[in-house]
Amino acid sequence: MIDRATVTAVLDTVIDPKSGKGLVQAGLVQGLVVENGRAGFVVEVPSADTALYAPVRDQAEAALKAIEGMERVSVILTAETVVKPQRRTASLSPQAVDQNRPKAPVPTDRPAHVKRVLAVASGKGGVGKSTVSVNLAVALAKRGLSVGILDADVYGPSMPTMLGISGKPAYEDGQMVPHEAHGLKAMSVGLLTAGNDAMVWRGPMASQAITQMLTQTRWGTAEKPLDVLVVDLPPGTGDVQLTLIQKTPLDGAVIVSTPQEVALADARRAHTLFEKVGVPTLGLIENMSGDVFGRGGAEAEAARLGVAYLGDLPLSASVREGGDAGVPVTVAVPFGEAAERFDAVAAAMIEALSL
Ligand SMILES: Nc1ncnc2c1ncn2[C@@H]1O[C@H](COP(=O)(O)OP(=O)(O)O)[C@@H](O)[C@H]1O
Ligand SMILES: [Mg+2]
């Protein structure tokens, strides 16, 4: 068993280039998780320092991996999202002229140049939440919108596979550059760690990584803002999910469920969770509808909850193959039945979000 003390001692052998102290001593180690031969933590630095600290992250990873019995390590480097009040300098710069204007409160978690944030959620895993996220994003892009997709599923990030993307994102001017795939801007928690290990993603680490991907990714620019960012949330209705949806500025949520009673009960809980934090549920989608799981359960549930029913997506080989091959079915079979269903959902979202 590797204990916390061993891990912190090793981390203190890695030197913070700014203070000259060990990483723990320097207060740079946040959200440390140590369990079953796994360790992970977050290093948060000012965005101007991300290049300086990239080698430090690598050193920390290497040092942890060298501990006997260590199986998995993930060290995440994040740029600070909190905007610190700037000390004013007496000058007649254009900013100085502006300083007398009342300032709007600084939004900390709202991503810049993103018009709408749409969550795709499910009460349990394996119901097709990621499949729906990706294909809905493609369908929105096909309707001419500029669309991003954020894979926030810390338990099982699937965008790298579903979109065929890989490699850590590049940093430019302290911002992460999203991957581009099938006309979408894409980021995934799965791209932030080499090990891609879901086990160490807990509490503060999960929250921090997602906040970082949300606010530190160059989703859009002032000239070309992103119309909508689709967020593939982790499944479930526990504390992790609650914290995430409280911290994430969501304009609406779509809930995915299979027709089975168990899944529907979970969908109900997901809806309750969104209600609690004041995020409107824009609709319920029935996935894997058909002979195996039955049909129509989600429509009845939507009626019970008083939310829109967005239609069903039948169980189909082409949907699954699209996901496995990194080419979503809406791209691979652009005029097929699935593409048609997703186009209808996209149209409903455009209306609901006033896009
Ligand atoms: N309508 C569908 N027909 C066939 N296979 C599907 C369908 N929806 C999802 N799948 C497959 O089911 C598995 C789980 O789907 P996924 O989207 O990863 O679920 P989640 O994100 O909810 O865990 C994947 O292999 C996916 O390709
Ligand atoms: Mg998934």
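All ligand and atom numbering here is 1-based and tracks the order in the structure. Since the structure is predicted, the reported quantities are computational estimates derived from the model, not experimental observations.
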Trainee: Under a heavy-atom criterion of less than 4.0 Å, does Glu321 contact ligand 1?
Mentor: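 Per 4.0 Å heavy-atom rule, Glu321 does not contact ligand 1.
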Trainee: Specify side chain, backbone, both or neither for Asn287, according to which of its non-hydrogen atoms lie closer than 4.0 Å to ligand 1.
Mentor: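 Contact part for Asn287 vs ligand 1: side chain (C-beta onward).
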Trainee: Take every heavy atom of Ser158, measure it against each atom of ligand 1, and state whether any distance is under 4.0 Å.
Mentor: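 Not so, Ser158 does not reach ligand 1.
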Trainee: Using 4.0 Å as the upper bound for N to carboxylate O, is an ion pair formed by Glu286 and Arg295?
Mentor: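 The answer is no: the pair does not qualify as a salt bridge.
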Trainee: Would you check the N or O atoms of Asp153, main chain and side chain alike, for any that come under 3.5 Å of an N or O of ligand 1?
Mentor: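 Asp153 vs ligand 1: no N/O contact under 3.5 Å.
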Trainee: Under 4.0 Å between a Lys/Arg side-chain N and an Asp/Glu carboxylate O for Lys65 and Glu71?
Mentor: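 Salt bridge absent between Lys65 and Glu71.
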Trainee: I need the atoms of ligand 1 closer than 4.0 Å to a non-hydrogen atom of Ser130, numbered in the order shown.
Mentor: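 Per the distance check, 17 (O), 20 (P), 21 (O).
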Trainee: Check each of Gly123, Ser257, Gly126, Gly323 against atom 23 (O) of ligand 1 and report the one with the nearest heavy atom.
Mentor: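 Result: the heavy atom closest to atom 23 (O) of ligand 1 is in Gly126.
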Trainee: Looking only at protein heavy atoms, which one is nearest to atom 13 (C) of ligand 1, and what is the separation?
Mentor: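 Checked against all protein heavy atoms, atom 13 (C) of ligand 1 sits closest to Met288 CE, 4.5 Å.
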Trainee: Below 4.0 Å from any atom of ligand 1, is there a heavy atom belonging to Pro235?
Mentor: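 False for this residue.
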Trainee: Salt-bridge test for Glu301 and Arg304: reply yes if a basic N is under 4.0 Å from a carboxylate O, no otherwise.
Mentor: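 Looking at Glu301 and Arg304, the cut-off is met.
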Trainee: How close does the nearest protein non-hydrogen atom get to atom 24 (C) of ligand 1, and which residue and atom is it?
Mentor: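 The closest one turns out to be Arg320 CG, 4.5 Å.
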Trainee: Taking both backbone and side chain into account, is any N, O or S atom of Ser130 nearer than 2.8 Å to the Mg ion (ligand 2)?
Mentor: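 Yes, Ser130 qualifies, because one of its backbone or side-chain N, O or S atoms lies under 2.8 Å.
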Trainee: Run the salt-bridge test on Asp343 and Lys142 with the 4.0 Å N-O cut-off and return the result as yes or no.
Mentor: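 No.
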Trainee: On a heavy-atom basis, I'd like to know which of Asn135, Val319, Val127 is closest to atom 6 (C) of ligand 1.
Mentor: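 Nearest option to atom 6 (C) of ligand 1, by heavy atoms: Val319.
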Trainee: Going by an N to O cut-off under 4.0 Å, is there a salt bridge joining Asp251 and Arg110?
Mentor: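 Judged by the 4.0 Å cut-off on N to carboxylate O distance, Asp251 and Arg110 do form a salt bridge.
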Trainee: Quick check: does Ser316 get an N/O under 3.5 Å from an N/O on ligand 1?
Mentor: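 Right, the criterion is met.
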Trainee: Please determine if Asp153 and Lys129 form a salt bridge, counting it only when a charged side-chain N lies under 4.0 Å from a carboxylate O.
Mentor: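 Yes.
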Trainee: Taking a cutoff of less than 4.0 Å between a non-hydrogen atom of the residue and any ligand atom, is Pro314 in contact with ligand 1?
Mentor: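 Flag set, Pro314 near ligand 1.
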Trainee: Run the salt-bridge test on Asp227 and Lys115 with the 4.0 Å N-O cut-off and return the result as yes or no.
Mentor: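 Yes, this pair counts.
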Trainee: Under 4.0 Å between a side-chain nitrogen and a carboxylate oxygen: does that hold for Glu61 and Arg57?
Mentor: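 Judged by the 4.0 Å cut-off on N to carboxylate O distance, Glu61 and Arg57 do not form a salt bridge.
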Trainee: May I ask whether Gly128 places a heavy atom under 4.0 Å from ligand 1?
Mentor: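 The answer is yes: ligand 1 sits under 4.0 Å from a heavy atom of Gly128.
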Trainee: Would you tell me whether Thr281 and His271 have side-chain atoms, one donor and one acceptor, within less than 3.5 Å of each other?
Mentor: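 Result is yes, a qualifying pair exists.
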